[in-house]
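Here's the structure, in structure tokens; my notes come after.
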Amino acid sequence: MLHDILEAYGLPPQDCLTEKLDSGLINRTWKVTAGQEEYVLQRVNNQVFKSPQDISDNIQKIGRFLSTHSPGYLFISPVATASGKYLVQDGAGDFYRLMPFVRGSRTIDTVRTREEAYEAARQFGRFTSLLSGFGTQALHYTLPDFHNLTLRFEQFEAAYKLAEPERLTEASGPIEAAFRHQGLVSTYQSVKTNSDIPLRVIHHDTKISNVLFDENGKGLCVIDLDTVMPGYFISDLGDMMRTYLSPVSEEERDLSKIIIREDYFEAVIEGYFSEMAKELTSAEKDLCLYAGEFMIYMQAIRFLTDFLNGDTYYATTYPKQNLVRAQNQFTLLQRYLDAEERLDRIVHNFIDKEPARNS
Ligand code: GN1
Ligand code: MG
């Protein structure tokens, strides 16, 4: 299947070893070994990303900016094909791209130490901070409205109205929670209209497997740049809270295992602020706690919506998996809200240390 793609890159398919790397609910990824050379090959899901060319353009533009302004930054640019293209289409219309595999680097799937949380948060902060002079207007929106919570809520309401009665009954708990926390949508509306909360170059998928680490556990750079586009910093900071604070993932069915590791929250804030404190306005700093609420709630309603719609978006391996994921995320939201008094104190320790840029 990958034969023609490898050939397009001038790699002899018979001499290549391809191993599937299993991570992500949207794209497909392989490691390709061709003699001494190692690569990562990805198939871009074009049901989700309607214009893969836009992703490719964004990555090229960002790569050019960073090589001029931050030449020391490890930016992993896609490899060009024999005919000079950064994206290849196969006979079935699917798009592929190839990246060099960074020797000695590794990715992790679960945050097991405070240091890993700190390192990852620092890398996502660094990425946005290094691109603060880039200007977001030059970027395509690869997924329009991706983190538009207002729209996500409307999509939930639409799914709720059309869902099969059986699914409505099964999901009654999460549905009730979705409506109970609807106030989080109003806060998002006020973020959108506040001119002190700027659009920045945001990664939009800050799970730990999107950070490359070196052999000593130090962060090298961020990867998986499909969703890099203009956005608010709460998307990145919040998704780290969603995915780093609990010792178990969004797939966990035993909800009693979901807890908030408050020292990891501190590590995320510390790591992110180590790069972003000088960039963030005081209005943004006031949103640090909200960032977690925003992203956990949005992911909860996205899983719930997909369940109500009959599981059409996220890959699933067993029935009701999206319902489990939604229940998991609503539980995480509740635990996060329960811890907020203490989390707020942690945030204030940092805000009070650093003078805000616009205060
Ligand atoms: C999807 O495929 P993956 O894991 O990179 C989704 C994210 C969700 C995540 C939840 C384009 O990301 O928004 O947070 O699943 N990406 C898209 O696991 O919808
Ligand atoms: Mg992704």
Side-chain angles (χ1 to χ4, degrees), residues 20-30 40 42-52 54-56 58-59 94-95 97 99 107-111 120 124 139-149 151-153 155-156 159 174 188 202-212 222-232 234-246 248-253 258 291-307 309 311-318 321-333 336:
K20 197 157 173 301
L21 296 177
D22 247 337
S23 140
L25 302 183
I26 306 292
N27 293 332
R28 287 278 161 268
T29 310
W30 296 265
V40 173
Q42 265 198 321
R43 185 176 74 204
V44 182
N45 180 332
N46 61 348
Q47 292 300 310
V48 172
F49 295 98
K50 303 288 183 215
S51 177
D54 286 353
I55 299 177
S56 193
N58 282 355
I59 295 178
D94 289 320
F95 288 87
R97 61 168 172 231
M99 272 88 56
T107 54
I108 56 177
D109 287 323
T110 320
V111 183
F124 285 110
L139 290 179
H140 299 283
Y141 281 86
T142 57
L143 283 177
D145 289 313
F146 186 40
H147 284 183
N148 179 345
L149 185 58
L151 181 78
R152 295 294 182 188
F153 190 79
Q155 290 171 334
F156 155 66
Y188 172 70
I202 296 298
H203 185 282
H204 287 106
D205 192 6
T206 60
K207 60 184 180 194
I208 197 69
S209 57
N210 284 339
V211 178
L212 276 195
V222 301
I223 54 173
D224 192 6
L225 306 180
D226 301 333
T227 51
V228 171
M229 58 185 150
Y232 301 112
I234 53 172
S235 283
D236 281 2
L237 186 66
D239 209 34
M240 289 192 268
M241 296 178 180
R242 182 180 84 78
T243 54
Y244 303 175
L245 301 190
S246 168
V248 293
S249 80
E250 66 195 17
E251 301 291 352
E252 180 60 53
R253 300 184 211 208
I258 301 173
E293 300 168 3
F294 167 72
M295 283 306 299
I296 300 169
Y297 178 69
M298 179 152 58
Q299 194 61 56
I301 62 173
R302 288 180 67 195
F303 284 141
L304 176 57
T305 302
D306 200 31
F307 176 72
N309 282 338
D311 308 312
T312 57
Y313 186 82
Y314 291 110
T316 55
T317 53
Y318 66 89
Q321 189 169 2
N322 278 315
L323 178 60
V324 167
R325 291 166 174 160
Q327 285 162 333
N328 171 306
Q329 295 291 284
F330 277 117
T331 304
L332 180 64
L333 178 62
Y336 183 88

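When a ligand or atom number is given, it counts from 1 through the structure's own listing order. Sequence positions, counted from 1, serve as the residue numbers for this chain.
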For this session: Just let me know how His204 lines up against ligand 1, side chain, backbone, both or neither, with a heavy-atom cut-off below 4.0 Å.
Result: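 No part of His204 is near ligand 1 at this cut-off.
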For this session: May I ask you to identify, for Asn210, whether its side chain, its backbone, both or neither come under 4.0 Å of ligand 1 on a heavy-atom basis?
Result: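 Asn210 to ligand 1: no contact under 4.0 Å from either part.
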Exercise. Within a radius of less than 6.0 Å around CD of Gln47, do more than 12 heavy atoms belonging to other residues, nucleotides or ligands occur?
Worked result: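 For Gln47, atom CD is not crowded (no more than 12 foreign heavy atoms under 6.0 Å).
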Exercise. Do Arg253 and Tyr318 meet the cation-pi criteria used here (NZ or CZ under 6.0 Å from the six-membered ring centre, within 45° of the axis)?
Worked result: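 Positive - Arg253 is close enough to the ring of Tyr318 and near enough to its axis.
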Which ligand 1 atoms, with their elements, are less than 4.0 angstrom from a heavy-atom of [X]?
{"X": "Leu143", "result": "11 (C)"}
{"X": "Arg242", "result": "10 (C), 14 (O)"}
{"X": "Tyr314", "result": "15 (O)"}
{"X": "Tyr313", "result": "11 (C), 17 (C), 19 (O)"}
{"X": "Glu250", "result": "10 (C), 18 (O)"}

Exercise. Does Thr206 reach the main-chain N or O of Met240 with its side chain, forming a donor-acceptor pair under 3.5 Å?
Worked result: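 Side chain of Thr206 to backbone of Met240, a donor-acceptor pair under 3.5 Å: yes, one is there.
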Exercise. What is the ring orientation for Tyr188 with Phe294, classed by angle as parallel under 30°, tilted 30 to 60°, or perpendicular over 60°?
Worked result: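 Ring orientation, 0 to 90° scale: parallel.
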Exercise. According to the interplanar angle, ranging from 0 to 90°, do the rings of Phe124 and His203 count as parallel (below 30°), tilted (30 to 60°) or perpendicular (above 60°)?
Worked result: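 The rings of Phe124 and His203 stand perpendicular, inter-plane angle above 60°.
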Problem set entry | Within-cut-off N or O pair, Asp205 and ligand 1, under 3.5 Å |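 It does: an N or O of Asp205 is found under 3.5 Å from an N or O of ligand 1.
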For this session: Out of Lys207, His147, Arg325, Arg28, indicate the one that has the non-hydrogen atom closest to atom 3 (P) of ligand 1.
Result: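 Residue with the shortest heavy-atom distance to the ligand atom: Lys207.
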Problem set entry | Arg302 near ligand 1 by a heavy-atom separation under 4.0 Å |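 Yes; Arg302 lies near enough to ligand 1 that a heavy-atom distance drops under 4.0 Å.
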Exercise. Can you tell me if Arg152 and Tyr297 form a side-chain donor-acceptor pair at under 3.5 Å?
Worked result: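 Checked: Arg152/Tyr297 side chains show no N/O donor-acceptor pair below 3.5 Å.
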Problem set entry | Closest non-hydrogen atom pair between His147 and Ser235, with its separation |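 Residues His147 and Ser235, closest heavy atoms: ND1-OG, 2.9 Å.
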